[in-house]
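Everything below concerns the one structure shown next.
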Amino acid sequence: MAALHVCGSLILKSSLFSSTTGSASSLSICSDNPIFPVYSLMARILDPLPRPAQLPAASTRRTAPAPPPCRVISASSTPFHALCCHGETTVTKAFAVPRRKAIALILSGCVFSELLASRYLASAQPSVVFREYIDTFDGYSFKYPQNWIQVRGAGADIFFRDPYVLDENLSVEMSSPSSSNYKSVEDLGPPEEAGKKVLRQYLTEFMSTRLGVRRESNIISTSSRVADDGRKYYQVEVNIKSYANNNELAVMPEDRVVRLEWDRRYLSVLGVENNQLYELRLQTPESVFVDEENDLRQVMDSFRVNKVSV
């Protein structure tokens, strides 16, 4: 196999599968192809291998008057060794790549190229692009994924959601300025106490009157941090699972099979400014959170509360 680089492309010429006529196949691969590095590596591996020689149709036999002694004719520059003994010249093949090994090599190269191409394409995927939302009237800002869409009339001050994962969304809620007088987020107590209050609020909002509905919840983590604006923020993570019977009106217990309705992660960031308590809420399925945790945490870390000019 020979490799020729022509105008940014790799042309592979191989005689491994050539016919008895000696014709060779060729393959041209552009340098911007994801599998270009694989075939370039294959070319470097196979280049040192000599070409399989074509055996003559019939052995050549020559009779000499005086048989010379047996001797080995060195043919290091050719792929054949000629063994002359008693006037008979026997041509033997010095080296050839067996067909099965060649096929196995090509197939393994194809499999490796597929793996490399998939990894190349995955690494080539662009990172999540964020936009910044700034509310100068209410006094807060945050970043959110660019492809998320705003939903109006959702009950929160602002609401965005993923257009593909409908259970994934974010919102911002604030306490009433007329009925609250917060000076610091520490007015909620330590982060652990704030986490309990957040969880109770979630469970109250998700309270259901359906028969056979059961909720399981737990606080995953609570923490506090001081952001670059000098303000302290609390971060709370909780998990809530909802179970329901497939036939809540069934008389026999064996007919009421409990199934998992949803399993979600709720992330809250709490901050205080303008005598108000601000809360950024993120909701996502647990299965999605595993893949998007870094992006969601960037949204959490971007949340800021700002002083509103009167």
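The analysis underlying the following values was restricted to heavy atoms, covering all of them including side chains, and did not include hydrogens, waters or symmetry mates.
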Within a strict 4.5 Å, meaning less than it, do heavy atoms of the [X] and [Y] side chains meet?
| X | Y | answer |
| --- | --- | --- |
| I158 | S171 | no |
| D301 | Q235 | yes |
| F159 | L170 | no |
| D135 | D157 | yes |
| W262 | I240 | yes |
| Y233 | V272 | no |
| S242 | E216 | no |

> Between K232 and E186, is there a salt bridge with N-O shorter than 4.0 Å?
Replying inline: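 Between K232 and E186 there is a salt bridge, with a charged N closer than 4.0 Å to a carboxylate O.
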
> Taking NZ, NE, NH1 and NH2 as the nitrogens, is one of them in R297 or E237 under 4.0 Å from a carboxylate oxygen of the other?
Replying inline: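 Answer for the salt bridge query: yes.
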
Measuring from atom [atom1] of [X] to atom [atom2] of [Y], what distance do you get when rounded to the nearest 0.5 angstrom?
| X | Y | atom1 | atom2 | result |
| --- | --- | --- | --- | --- |
| N169 | Q283 | CG | CD | 4.5 Å |
| L267 | M300 | CG | CE | 5.0 Å |
| L280 | M174 | CG | CE | 12.5 Å |

> Does the side chain to side chain donor-acceptor pair (under 3.5 Å) test come out yes or no for Y266 and R264, once each step is laid out?
Replying inline: CA-CA 6 Å; Y266 293 92; R264 298 172 184 163; 3.2 Å; yes

> Are S180 and L277 close enough, and set up right, to give a side-chain contact (heavy atoms from CB on, under 4.5 Å), and what steps lead you there?
Replying inline: CA-CA 8 Å; S180 60; L277 176 64; over 6 Å; no

> Would R231 and E273 count as a side-chain contact (heavy atoms from CB on, under 4.5 Å) if you check the C-alpha gap in whole Å, the side-chain angles of each, and the deciding distance to 0.1 Å?
Replying inline: CA-CA 9 Å; R231 296 180 178 87; E273 187 56 79; 2.7 Å; yes

Cluster overlap [X] with [Y], hydrophobic side-chain contacts below 4.5 Å:
| X | Y | result |
| --- | --- | --- |
| V305 | V185 | no |
| I134 | F130 | no |
| L166 | Y164 | no |

[X] side chain to [Y] main-chain N or O, any donor-acceptor pair under 3.5 Å?
| X | Y | answer |
| --- | --- | --- |
| R259 | Y243 | no |
| S141 | F303 | no |
| N274 | V308 | yes |

If you look only at distance, which donor and acceptor atoms sit under 3.5 Å apart when one is on a side chain in residues 187-207 and the other is two or more places apart or in another chain?
from: D187; atom 1: OD2; to: K183; atom 2: N; distance (Å): 2.9
from: D187; atom 1: OD2; to: S184; atom 2: N; distance (Å): 3.4
from: K197; atom 1: NZ; to: L188; atom 2: O; distance (Å): 3.3
from: Q201; atom 1: NE2; to: E205; atom 2: OE2; distance (Å): 3.0
from: Y202; atom 1: OH; to: S268; atom 2: OG; distance (Å): 2.8
from: T204; atom 1: OG1; to: R200; atom 2: O; distance (Å): 2.8
from: E205; atom 1: OE1; to: R281; atom 2: NH1; distance (Å): 2.8
from: E205; atom 1: OE2; to: R281; atom 2: NH1; distance (Å): 3.2
from: E205; atom 1: OE2; to: R281; atom 2: NH2; distance (Å): 3.1

> Given V128 and E292, is the side-chain contact (heavy atoms from CB on, under 4.5 Å) satisfied, shown in steps?
Replying inline: CA-CA 10 Å; V128 175; E292 300 184 4; over 6 Å; no

> At their closest point, which heavy atom of L282 faces which heavy atom of L296, and how far apart are they?
Replying inline: CD1-O, 3.6 Å

>> Tell me which one of R214, K241, R210 satisfies salt bridge (charged side-chain N to carboxylate O under 4.0 Å, His left out) with E261.
In response: R210

>> Under a 3.5 Å cutoff, is there a donor and acceptor pairing between the side chains of Y278 and D138?
In response: no

>> Checking R265 against T284: is there a side-chain donor and acceptor pair closer than 3.5 Å?
In response: no

> Is there a side chain to side chain donor-acceptor pair (under 3.5 Å) between N239 and E286 once you walk through the steps?
Replying inline: CA-CA 8 Å; N239 170 263; E286 283 288 350; 2.8 Å; yes

>> Evaluate F160 against F142 for side-chain contact (heavy atoms from CB on, under 4.5 Å), listing each step before the verdict.
In response: CA-CA 12 Å; F160 288 92; F142 60 88; 3.9 Å; yes

Side-chain atoms of residues 143-156: list all donor-acceptor pairs with protein atoms under 3.5 Å, sequence neighbours left out, distances to 0.1 Å.
from: W148; atom 1: NE1; to: D162; atom 2: OD2; distance (Å): 3.4

